[in-house]
Amino acid sequence: MNALTIANFSIRTSDNLYSLNDLHRSSGGEKRHKPSNFMANQQTQELIHAIEEEGSIAYHTIRGGNAKQQGTFVCEELVYAYAMWISAKFHLMVIRAFKALNTGAIPCLSNHQGLSVCQAANLQKAVKAKCRYERRHYQRLYNALYDEFGVKSYKDIDPADYQAAMDFVREFTFFEHEALMQYAQHLAWHTQFIYSWYKAIEKPFRALSPQLSAQIHDHIIHAVINANHIGKQIGYDGMNPTIPQNKHWSVGF
């Protein structure tokens, strides 16, 4: 029996049945598409019953022994049903893969030796989540991804590197001085709290020493301004603590 290949994954066989676990991997490996979820589906159970009523073997599960041979193996009809259960796109890939198996043709949805359709979609979602819809971050992250894996498009990443690519995206940092950004943010917020405490004693303090009170106010204002300047220099826009400036006091030393 020739090997069935889907999205550059070779699907293992056992007694003319196909590995559902390999099909799951070739589809992108999402948890919601686990073989156990498909096999527990009512419609799947009805299909299995109909196949077995004809005297055919619908599936068998291998446990124990060689780990590489373990898993659930299903008949061709269940392969199609599983693919349809996942998505129309993956269903089409499976149809064409079987056609290629029978005719020797190259499946037109093989993703050109790159990620499967589902894997590419998952990677794209991870990039969006990381960038938080900040357009200026997209190009930087994609360029870093291309350099890391030596490709011109994320779709061209080797399927074997899929998990490494997902980890790269999740762990990527946009700031060379991210620690500095965090310190600046903390400085700005702590200064805001100090200012609120100062406002609580402002009147008696000003009565005691107007000049010293004004100087303390100016130092607090300067601390926030400088923290925000640092944030802007390293490209972080998330620090916006506002401290109102008294119109009678100058911001300076």
Side-chain angles (χ1 to χ4, degrees), residues 1-126 154-167:
M1 188 176 187
N2 294 330
L4 177 68
T5 302
I6 300 171
N8 304 308
F9 282 88
S10 181
I11 310 302
R12 290 172 299 145
T13 58
S14 174
D15 297 326
N16 292 327
L17 301 176
Y18 302 89
S19 169
L20 206 55
N21 304 84
D22 289 349
L23 287 162
H24 179 229
R25 281 189 283 271
S26 71
S27 73
E30 290 191 32
K31 288 184 179 179
R32 62 194 177 107
H33 295 150
K34 289 193 304 184
S36 57
N37 293 340
F38 169 72
M39 294 299 286
N41 182 282
Q42 180 62 34
Q43 192 171 357
T44 304
Q45 288 298 312
E46 290 173 2
L47 179 57
I48 290 171
H49 180 69
I51 293 169
E52 291 180 343
E53 270 192 334
E54 295 180 346
S56 301
I57 297 173
Y59 75 98
H60 74 251
T61 302
I62 300 176
R63 298 184 179 89
N66 189 339
K68 291 183 179 180
Q69 298 301 321
Q70 293 176 10
T72 300
F73 292 80
V74 300
C75 63
E76 186 174 329
E77 290 85 352
L78 282 175
V79 171
Y80 287 122
Y82 178 65
M84 188 186 300
W85 179 70
I86 289 178
S87 70
K89 194 82 170 179
F90 187 60
H91 187 208
L92 185 57
M93 291 178 69
V94 168
I95 291 170
R96 290 179 172 168
F98 270 110
K99 184 178 179 181
L101 183 65
N102 295 327
T103 65
I106 299 173
C108 65
L109 288 178
S110 64
N111 255 355
H112 307 291
Q113 305 303 315
L115 298 177
S116 73
V117 172
C118 293
Q119 288 174 328
N122 288 341
L123 188 59
Q124 191 178 40
K125 286 178 186 175
Y154 67 93
K155 295 178 182 178
D156 295 330
I157 293 173
D158 192 303
D161 292 329
Y162 167 67
Q163 192 55 55
M166 291 290 285
D167 292 340

- Heavy-atom count around Tyr59 OH within 6.0 Å, excluding the residue itself: above 12? no
Problem set entry | Candidate pair Leu4 and Thr13, rule side chain to side chain contact (heavy atoms under 4.5 Å, CB included), full reasoning | CA-CA 9 Å; Leu4 177 68; Thr13 58; 5.9 Å; no
For this session: Give a yes or no on whether Ile62 atom CD1 has more than 12 heavy-atom contacts from other residues, nucleotides or ligands under 6.0 Å away.
Result: yes
Margin query: Quick one, Tyr80 and Val94 - any side-chain contact, counting heavy atoms below 4.5 Å?
Written below: yes
Passes side chain to side chain contact (heavy atoms under 4.5 Å, CB included), Met166 versus Leu123? Steps please. CA-CA 6 Å; Met166 291 290 285; Leu123 188 59; 3.7 Å; yes
Nearest heavy-atom contact between Gly28 and Gln119 is CA-CG, 3.6 Å
Between Ala165 and Ile157 the two heavy atoms that sit nearest each other are CB-CD1, 4.0 Å
* Given ring-ring contact (aromatic ring centres under 6.0 Å, His included), test Tyr18 with Phe98 step by step and report yes or no. => CA-CA 12 Å; Tyr18 302 89; Phe98 270 110; 5.2 Å; yes
Are the side chains of Met39 and Thr61 in contact, using a 4.5 Å heavy-atom criterion? no
Specify whether Trp85 and Phe38 have parallel, tilted or perpendicular ring planes, treating 30° as the upper limit for parallel and 60° as the lower limit for perpendicular. tilted
One should read off an interatomic distance between Asp15 CG and His60 NE2, to the nearest 0.5 angstrom, of 5.5 Å
Tightest non-hydrogen contact, residues Ser26 and Ile11, listed as OG-CD1, 4.3 Å
Taking atom CD of Gln43 as the centre, does the number of heavy atoms from other residues, nucleotides or ligands within less than 6.0 Å exceed 12? no
Rounding to 0.5 Å, atoms CG (Asp22) and OG1 (Thr5) come to a distance of 10.5 Å
In this structure, CD1 of Ile95 is separated from CE of Met84 (nearest 0.5 Å) by 7.0 Å
CD1 of Ile48 to OG1 of Thr44, rounded to nearest 0.5 Å, is 6.5 Å
Measure the shortest side-chain to side-chain distance between Arg12 and Asn21 over non-hydrogen atoms and say whether it is less than 4.5 angstrom.
-> yes
| message | With heavy-atom distances below 4.5 Å as the criterion, would you say the side chains of Ile51 and Leu78 are in contact? | response | yes
### Message
Treating His91 as the side-chain partner and Ala81 as the backbone partner, does any N or O pair qualify as donor plus acceptor under 3.5 Å?
### Response
no
Taking every heavy atom of Ser116 against every heavy atom of Ala7, the minimum-distance pair comes out as CB-CB, 3.4 Å
Heavy-atom closest pair (His24 atom, Glu30 atom, distance to 0.1 Å) is NE2-O, 2.7 Å
| message | Ignoring hydrogens and geometry beyond distance, is a side-chain donor-acceptor pair present between Glu53 and His49 at under 3.5 Å? | response | yes
Here the gap from Leu23 atom CG to His33 atom NE2, rounded to the nearest 0.5 Å, amounts to 13.0 Å
Does the pair Leu20 and Tyr82 meet the rule for a side chain to side chain contact (heavy atoms under 4.5 Å, CB included), with working shown?
-> CA-CA 8 Å; Leu20 206 55; Tyr82 178 65; 3.6 Å; yes
Interatomic distance, OG@Ser56 vs CD@Glu76, rounded to 0.5 Å, equals 12.0 Å
